[in-house]
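Presented below is the structure to which this report refers.
The structure displayed is predicted, hence computed values, not measured ones.
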Amino acid sequence: MSLNLSNAQIAKELGINEPDCHAMTSLLREGVYEKRPQEILEGEVEFDELYVVAGHKGHPESVKKKNRKPRCRRLKGKRGRGTAQDDKPPILGMIQRNGCVIIRMLDNVQRKTIEPIIRKYVKAGSKVYTDEYNIYNWLSDTYIHQTVNHGKGEYARDEDGDGKCEIHVNTMEGFWSLLRPWLRPHRGISQERLPFYLGFFEYIHNIKKEGIQHSQL
C-alpha cells in the first residue's frame, strides 16, 4: 500500500481475489486514520486548499439524501472552488516547513469551517503563510500572518531584504503535486472513503519526517 498500488495490482501480487483485497486495504486505511498521531504544527506553517472531484460511489444512500438520480458517467465537477455538496470537496492543507503535514477534507471553505481546525493543530504565535483568499483574514489575530498575491502573479516575496524569498506557500503546493498523482490509481474515491486515503497519505509523509517513533502505530 505504501507503494500506492491499486487493489487490483495488490490482489494479483498476493494471489487473492479483489474483493478480499479491498476489504483488507480498507481496514488498514481505517486503522491508520483512527490511530495516526495528532501532530501540532509550529514555527513556520503554510496553508492552502485543494479541490478533489469525489461523489458517492458505492454509497447510494448518500445520493438519495441529495435528491438526485445516480450518475452513470465519471464525475467532472465544477470549475474553480467547490464544495462537498457539488461533488468537489475541498481539502485544507497545513504544512510545517521541514516538518509534518495535516490534511482534512471539508464540506466547504469558510472561516467557520477552517478556523477550529487551524486553532486545534497550529500553535498560537506561529508564523503562517497563505495566499490572499479572504477566509484567512482572521489569522493575524492569533498568528503572525503574511500573504502572497497569486492574482497578481506573485508566488514568493523577500520581505526583509536578505535575498531569501521566505513568504510563499510553495511547500504546500509541492505537497499537492504529490497527492494528486497518488490518488489517481484509485479511480474515483467516494467522499465517504476519501478521508481514509488522505489520512494514510498524511501518515506516510509524516513518518518520513519524524522517523521510527511512528512505526509503533
Side-chain angles (χ1 to χ4, degrees), residues 1-41 48-63 65 70-71 74-75 77 82 84 87-96 98-107 113-114 116-118 120-122 171-217:
M1 290 172 64
S2 65
L3 295 175
N4 199 32
L5 300 180
S6 67
N7 285 342
Q9 290 173 296
I10 294 173
K12 184 177 180 180
E13 290 284 346
L14 299 182
I16 62 177
N17 62 56
E18 199 167 332
D20 285 346
C21 180
H22 175 74
M24 178 180 68
T25 56
S26 295
L27 284 172
L28 285 167
R29 286 192 189 95
E30 289 173 25
V32 168
Y33 176 83
E34 295 294 338
K35 295 186 177 183
R36 71 196 188 287
Q38 298 301 303
E39 310 291 347
I40 299 297
L41 309 182
D48 195 29
E49 327 86 52
L50 175 71
Y51 298 84
V52 176
V53 176
H56 298 279
K57 177 182 176 182
H59 295 267
E61 68 282 358
S62 298
V63 175
K65 289 179 183 178
R71 299 179 186 268
R74 181 186 180 276
L75 291 170
D87 295 333
K88 198 173 182 182
I91 302 170
L92 174 65
M94 304 172 282
I95 192 165
Q96 179 177 315
N98 299 312
C100 294
V101 69
I102 294 172
I103 48 178
R104 294 290 183 272
M105 190 186 88
L106 309 174
D107 288 332
T113 311
I114 69 167
I117 298 174
I118 291 175
K120 180 177 180 180
Y121 293 109
V122 182
T171 315
M172 193 68 242
E173 290 180 350
F175 181 87
W176 294 145
S177 72
L178 298 175
L179 178 62
R180 287 190 187 96
W182 188 84
L183 291 173
R184 196 171 297 129
H186 303 288
R187 296 183 181 276
I189 303 167
S190 70
Q191 288 184 29
E192 289 74 15
R193 305 299 304 174
L194 183 56
F196 301 126
Y197 284 81
L198 297 178
F200 189 85
F201 189 74
E202 175 189 296
Y203 174 73
I204 293 297
H205 172 87
N206 291 345
I207 196 174
K208 293 177 181 177
K209 290 295 182 180
E210 294 205 339
I212 195 67
Q213 60 182 341
H214 281 190
S215 67
Q216 297 176 1
L217 180 73

query: Salt bridge or not for E30 and R193, using N-O below 4.0 Å?
result: yes
Which donor-acceptor pairs under 3.5 Å do the side chains of residues 12-19 make with protein atoms, sequence neighbours left out?
unit_1 : atom_1 : unit_2 : atom_2 : d
N17    : OD1    : D20    : N      : 2.9
N17    : ND2    : D20    : OD2    : 3.2

[X] side, atom [atom1]; [Y] side, atom [atom2] - distance, nearest 0.5 Å:
{"X": "I189", "Y": "L194", "atom1": "CD1", "atom2": "CG", "value": "6.0 Å"}
{"X": "Y121", "Y": "M94", "atom1": "OH", "atom2": "CE", "value": "7.0 Å"}
{"X": "N206", "Y": "E39", "atom1": "CG", "atom2": "CD", "value": "5.0 Å"}
{"X": "R29", "Y": "F201", "atom1": "CZ", "atom2": "CZ", "value": "12.5 Å"}
{"X": "I102", "Y": "I118", "atom1": "CD1", "atom2": "CD1", "value": "10.5 Å"}

Minimum side-chain heavy-atom gap [X]-[Y] below 4.5 Å:
{"X": "R104", "Y": "I114", "result": "no"}
{"X": "C100", "Y": "L41", "result": "yes"}
{"X": "I95", "Y": "H205", "result": "yes"}
{"X": "F196", "Y": "S26", "result": "no"}

Shortest non-hydrogen separation from [X] to [Y] and the atoms involved:
{"X": "K209", "Y": "G99", "value": "CG-O, 3.4 Å"}
{"X": "A11", "Y": "C21", "value": "N-SG, 3.8 Å"}
{"X": "G199", "Y": "V32", "value": "O-CG1, 4.2 Å"}
{"X": "I40", "Y": "K120", "value": "CD1-O, 3.5 Å"}
{"X": "S6", "Y": "P185", "value": "CB-O, 4.0 Å"}
{"X": "Y33", "Y": "P195", "value": "CD1-O, 3.3 Å"}

- Task: Answer yes or no: is there a donor N or O on one side and an acceptor on the other, between the side chain of Q38 and the main chain of R36, under 3.5 Å?
- Result: yes
* Any donor-acceptor pair under 3.5 Å from E202 side chain to I103 backbone -> yes
Using the side-chain contact (heavy atoms from CB on, under 4.5 Å) rule, take L106 and E49 through it: C-alpha gap first, then chi angles, then the decisive distance, then the call.
CA-CA 10 Å; L106 309 174; E49 327 86 52; over 6 Å; no
| message | Would V122 and Q96 count as a side-chain contact (heavy atoms from CB on, under 4.5 Å) here? Give the steps. | response | CA-CA 9 Å; V122 182; Q96 179 177 315; over 6 Å; no
Could you check V101 against M172 for side-chain contact (heavy atoms from CB on, under 4.5 Å), going step by step and ending with a plain yes or no?
CA-CA 9 Å; V101 69; M172 193 68 242; 4.1 Å; yes
Please list, one pair per line, the donor and acceptor atoms closer than 3.5 Å that link side chains of residues 173-183 to other protein atoms, with sequence neighbours excluded.
unit_1 : atom_1 : unit_2 : atom_2 : d
W176   : NE1    : D48    : OD2    : 3.1
S177   : OG     : G174   : O      : 2.5
W182   : NE1    : N4     : OD1    : 3.2

